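Residue numbers begin at 1 in each chain, while the letters A, B, ... track the order of the sequences. The structure displayed is predicted, hence computed values, not measured ones.
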Amino acid sequence: MRCLERKDLRAFLDKLASTASLVAPVREDGVVVFRPVPSGEQVELDYVNPVRSAKEFFFPQTEVMFRFLPSPMASITPVEPDRQIVLFGIRPCDLAALSLLDEVFLGGDYRDAYWGRRRELTTLVGLACERPDESSCFCTAFGITPGTAEGADVMLYPAGDWLGVEVLTPKGQALVDGALPGAGEAGEAGERVKQEYLNRAVPLGERVRPGELSKELDDRFDDPYWEEASRRCLGCGICTYLCPTCHCFLVTDVAKRDDGVRLRCWDSCQFKDFLLMAGGHNPRPTRKERTRQRFLHKLNYFVHRYGRYLCTGCGRCVQHCPVGLDMATVIADLRGVTQHA
Amino acid sequence: MPEANPMMPHLARIEEIVAETASGDVKTFRVQFLDPEVPFSHLPGQCAMVSVLGVGEAMISISSSPTRPRPLELAVKQVGRLTTRLHEMEPGDVIGVRGPYGNHFPVEDMKGKDLLFIGGGIGLAPLRSLINYVLDNRGDYGKIDIIYGARSPGDLCFKRELYDEWPAAPDTRVLLTVDRGDEDWKGAVALVPHFLEQVHPDPQGKVAITCGPPIMIKFTLESLKKLGFADEQIVTTLELKMQCGIGKCGRCNIGSRYVCLDGPVFTLAQLKAMPAEY
C-alpha cells in the first residue's frame, strides 16, 4: 500500500482531472452530489455519501441507445459511450452496488453493451468511510464494511494527515503510476488502517442483519404485512431513484420528422403504470403489490437468481423516504427486531 | 468491430399484410430482414421484440413455424399505441425486429404424444407456430386436436388453415366454437372452456397446450383439471409488459422468474410454484 499525504490530496485530484474526466463529490445547493469537476479544488471531502448514488454514470437516468430515421427511410445509427472517467470518492456500499448491477447487466446470456462500455471506460477510486451515519448507514447487514474495496480500482483509507492508497487492478495501477509517481510506501501502518476500517462497527447494520430472511420470505408472499406497510407509501418513487441497486428502465422513442432517438430511462416499480399493459390489465394494481415487489425483489427474488441480496445498506432510502418505509425498517419489521438503539 | 449490442434491432421490411379478422383488428405481418444474413432462428413459442421506429418496442409472439423460416410472421392485435401504429403501416414499410427471446414449447418432450391445442382469439398466434411445426414433423407426434374459439365467426384468425389446411392433415381435427354465432355459422356456440368439456378429451398420452385471453386460460385450466389432466400435461404461455426482453429492465418478473427469459411457456406445475401475480 502506498501513502498519500493529506496535504497532497488536492494536487492528486488535479492530476486525475488533467488526464480524464474527473467525477467527484461536490456540494451543490446544500447537498453533496457526484459531478464532473475541472480540478481538485471543487471536490468536497467532508461528506458521508452523495445523495444520489454513482449508478447514473454507468446507467444514466436518460440514455440514448441509438439514433434512427423512421420508416420508410429507416436507418439505425449506434451510439456508444466514449468518455473516459475517473470516479473519485465512491463509498464501499456504492462500489458493492456496481458489482451487483454487473451481475444484472453483464451476467447471463446477454451482455448490456452500454453498461459494459461505461464500466470499461471508468476507473473507480474508492474512499473508505471515516464516519458512517449512525441513523442510516447499515452496510454491515449485508457483509459490507466501511473499508470494503470490492470493485474499486484504487481504494483510499484516510488516516489523519495521510491516506493509505491500495491498488487493486491494472487500471488502478495505471492511475497511480500516472498521478502518484514516487508516493511512499505506507507499510504496516497502511495495513493497520485498512484493518480498522474493515472491523469498524456500523450499529444499525448489526441491528438489521437479514440472516435467513431470504429463505423465510419464500413463504411470506401473502403476509398481511405488505398491505399494512403499503398503506403509508405515497408512491413517490424516491427510494428507487436514489437506490444504488435499482435498475428498472423503460424504453421509449423520441422522433422528429427526420431524426429520432431511442432512449432508455429510469423507471420505478412503485409507479402504478409500471406494469400496466396495452389491454388495460395490471398485475400490480395497488400499492400493496408494488410495495411487496420492491422489497421481495431485493430480499428474495434477487437472491434466488443471483445468490445475493440486492441491497448494500447505503441508507439513502432510510434518509429520504418521506414515510419511513425503508429497507432497514422493513427488515426490522419482517424479522421482528427493533432498528433503533 | 463494435461489440454485439442485444438492444439493437435489425431492420426488416413488411412484405405483406393479411387481415385475419373481419374487423381487421388482427393482422399478420410477413417480414423479411433487410440483411438476409441476420442470425434469427426461433423455436415455436418464442417471441420477437418488434420496433416501430418513432414509437417504441413491444414483445410479439412469432406465429410462423421455424420449419418455414422466411418470411417471419407476426400476428398482431391492435390494442395499444405501438400496435395501432403498426396496423397503419403498409407493405414496403420498415420495422425493427430483435430476438428471438424466451423459452419455447417443449417440442422434444411432446414427441410421440397426442396434442390438444386450445386457443382463444389472438392466442392462436403462438400455437400456430407449434401446430405448423408439428405438422411439418408429422411422424414425430400423435393425434392432433385443435380447439379454437373466438367472440364471433369473423374474429377467427388464420381461416385458411382452420378451414382447409389443418383439417386435411393426417390425424388432425379442428374443432371451432364462437361466443356468438351468425346466420351462416354451423359450428358450436359456446365459450372455449365449456366447449372443451363438451369435446371431453381423454388425458391419456396427451399434452394440452393453451393460449388465449387471461380469463379464458384461467377457466380452461380448471376445465382441464376437471377432465383429469395432470399439471405436468398442461402447457400455457404468459405475457407481461416488457422493455428489454433480456432480463435487465426489471419489468416482467413473476416472483424470481422473468417471463422474457424463463417464459413465456410454462407448465401448470411450474405456474403453481410461482406467486399468482400475472
Could you grab the distance from atom CD1 of Ile95(B) to atom OG of Ser71(A), nearest 0.5 Å is fine?
9.0 Å
From the list Pro72(A), Cys248(A), Ala255(A), Cys246(A), the residue making the most non-hydrogen contacts under 4.5 Å with chain B is Cys248(A)
Within the distance-only criterion (no hydrogens, no angle test), does the side chain of Ser256(B) pair as donor or acceptor with the backbone N or O of Tyr301(A) below 3.5 angstrom?
no
With rounding to the nearest 0.5 Å, note down the distance linking CD in Glu57(B) to OG1 in Thr252(A).
10.5 Å
Is atom CZ of Arg232(A) surrounded by more than 12 heavy atoms (other residues, nucleotides or ligands) closer than 6.0 Å?
yes
Give a yes or no on whether the ring-centroid distance for Tyr110(A) and Tyr101(B) is below 6.0 angstrom.
yes
Region of Ile246(B) that comes under 4.5 Å of a non-hydrogen atom in chain A:
both
I need the Arg85(B) CZ to Asp253(A) CG distance, nearest 0.5 Å.
9.5 Å
Does any part of the side chain of Leu261(B), heavy atoms only, come nearer than 4.5 Å to the side chain of Arg305(A), both counted from C-beta?
yes
Separation of Phe274(A) CZ from Gln243(B) CD (nearest 0.5 Å):
8.0 Å
For Val79(B), is it the side chain, the backbone, both, or neither that has a heavy atom closer than 4.5 Å to a heavy atom of chain A?
both
Could you give me the CA-CA distance, side-chain angles and deciding distance for Glu80(A) and Asn5(B), then say whether side-chain hydrogen bond (donor to acceptor under 3.5 Å, both in side chains) is met?
CA-CA 10 Å; Glu80(A) 277 191 57; Asn5(B) 181 344; over 6 Å; no
Rounded distance [0.5 Å steps], OH in Tyr278(B) versus CE in Met277(A)
12.0 Å
Chain A heavy atoms under 4.5 Å from Pro9(B): which part of the residue, side chain, backbone, both or neither?
both
If you tally heavy-atom pairs under 4.5 Å against chain B, which of His247(A), Met65(A), Arg284(A), His281(A) wins?
Arg284(A)
Main chain of Leu276(A), side chain of Lys241(B): is a donor-acceptor contact present, judged purely on distance under 3.5 Å?
yes
I'd like to verify something: which residue of Asp267(A), Asn300(A), Val303(A) has the highest number of heavy-atom pairs under 4.5 Å with chain B?
Asp267(A)
Hey, could you give me the OG/CZ distance between Ser51(B) and Arg262(A), rounded to the nearest 0.5 Å?
3.5 Å
